[in-house]
Amino acid sequence: MIKTIGTHIKVKDFAKSLAFYEGLGFEKIFEYGPDKEVKEDYSGATFACGTAKLEIADGHRAVKPEVFQETISSSKMSLMIEVGSIGEIIDRAHKMGVEPTTPVRHYYWGKLEVVFRDPDGVILVFTETYTPEVAAKLGASEEFGKPPLK
């Protein structure tokens with residue numbers, strides 16, 4: 001039985017990625033590295049995401065070093081992150097000088113979504129339950145992607 005899931009992102013620039021994730025409000029619960037209490041040859045941090053975990057690191061014992069220099073250019077995979085307020089995420093991003101990759105959209109399945117890319121190109125899709133008031137406040141497009149009637 002699966003109890004939870006975690007994601008590990010191999011990052012080029014740990015300090016830049018750490019600032020990005022903390023700036024968006026991710027809660028760091030653990031950090032390790034050459035100058036940390038928990039010693040490691042590389043730097044990393046783990047964030048709590050409900051019962052899931054998100055880890056970023058600029059090294060890993062079982063991964064070739066060149067992997068950490070790659071940038072993700074494909075949208076084949078993305079992280080879906082349910083939040084209490086997309087508006088808060090957008091405000092936090094703006095304070096860091098980061099703009100959404102895709103503006104807020106209202107999808108017919110009852111969600112508002114906004115998309116950002118992290119410093120390595122990882123796609124982060126922040127979702128919130130749709131309400132007309134929040135959609136209007138954020139200027140969300142109406143029912144994006146609604147399938148045609150049969």
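Residues Leu124 and Phe20 have side chains in contact (heavy-atom distance under 4.5 Å, counting atoms from C-beta outward). Contact annotation: the side chain of Glu40 approaches that of Arg61 to within less than 4.5 Å [non-hydrogen atoms, C-beta and beyond]. Between Ser73 and Arg117, every side-chain heavy-atom pair lies at or beyond the 4.5 Å cut-off. At a threshold of 4.5 Å between non-hydrogen side-chain atoms, the residues Lys28 and Glu31 count as touching. At least one side-chain heavy atom of Ile56 sits under 4.5 Å from a side-chain heavy atom of Ser17. Taking the side chain as every heavy atom from C-beta outward, Leu112 and Phe126 never approach each other to under 4.5 Å. For the pair His94 and Val98, the minimum side-chain heavy-atom distance is 4.5 Å or more. You'll find the side chain of Ile123 reaches within 4.5 Å of the side chain of Val115, heavy atoms only.
A distance of 12.5 Å separates CZ of Arg105 from CD1 of Ile86, quoted to the nearest 0.5 Å. In this structure, Ile72 CD1 and Lys10 NZ are separated by 9.5 Å, a value rounded to the nearest 0.5 Å. If you take SG on Cys49 and CD1 on Ile5, they are separated by 11.5 Å, rounding to the nearest 0.5 Å. Interatomic distance, Glu128 CD to Glu113 CD, rounded to the nearest 0.5 Å: 11.0 Å.
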Working for side-chain contact (heavy atoms from CB on, under 4.5 Å), residues Asp118 and Ile9: CA-CA 10 Å; Asp118 84 352; Ile9 300 173; 4.1 Å; yes
Steps toward side-chain contact (heavy atoms from CB on, under 4.5 Å) verdict (Ile81, Val125): CA-CA 6 Å; Ile81 305 153; Val125 182; over 6 Å; no
Test log, rule side-chain contact (heavy atoms from CB on, under 4.5 Å), inputs Phe30 and Val38: CA-CA 9 Å; Phe30 182 70; Val38 177; 3.7 Å; yes
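The same ILVMFWY cluster, assembled from side-chain heavy atoms under 4.5 Å apart, contains both Val83 and Val114. With hydrophobic clusters built from ILVMFWY side chains whose heavy atoms lie under 4.5 angstrom apart, Leu24 shares a cluster with Phe14. The cluster map of Ile, Leu, Val, Met, Phe, Trp and Tyr, joined by side-chain heavy atoms under 4.5 Å apart, puts Met96 and Tyr21 in the same cluster. Hydrophobic clustering (side-chain heavy atoms under 4.5 Å, transitive across Ile, Leu, Val, Met, Phe, Trp, Tyr) groups Leu18 together with Leu79. When hydrophobic clusters are built by joining Ile, Leu, Val, Met, Phe, Trp and Tyr residues whose side-chain heavy atoms come closer than 4.5 Å, directly or via intermediates, Val134 is grouped together with Ile89.
Between Lys12 and Glu70 there is no salt bridge, since no side-chain N of the basic residue sits under 4.0 Å from a carboxylate O of the acidic one. Checked for salt-bridge contact, Glu82 and Lys111 meet the test: a charged N lies under 4.0 Å from a carboxylate O.
For CD of Glu66, the number of neighbouring non-hydrogen atoms (other residues, nucleotides, ligands) closer than 6.0 Å is greater than 12. Summarising the local packing, NZ of Lys16 is surrounded by 12 or fewer heavy atoms from other residues, nucleotides or ligands at distances under 6.0 Å. Within a 6.0 Å radius of NZ in Lys95, other residues, nucleotides and ligands contribute 12 heavy atoms or fewer.
With respect to Tyr32, the side-chain hydrogen bond (donor to acceptor under 3.5 Å, both in side chains) criterion is satisfied by exactly one of Glu55, Lys39, Glu37: Glu55.
With Thr4 contributing its side chain and Thr51 its backbone, the two residues share a donor-acceptor pair below 3.5 Å. Side chain of Asp120 to backbone of Val122: no donor-acceptor contact under 3.5 angstrom is found. Looking only at distances, a side-chain donor or acceptor of Arg92 sits under 3.5 Å from a matching main-chain atom of Gly23.
Between His60 and Tyr42, the ring-plane angle classifies as parallel under the 30° and 60° cut-offs.
When all heavy atoms of Ile29 and Ala48 are compared, the pair lying nearest together is CG2-CB, 3.8 Å.
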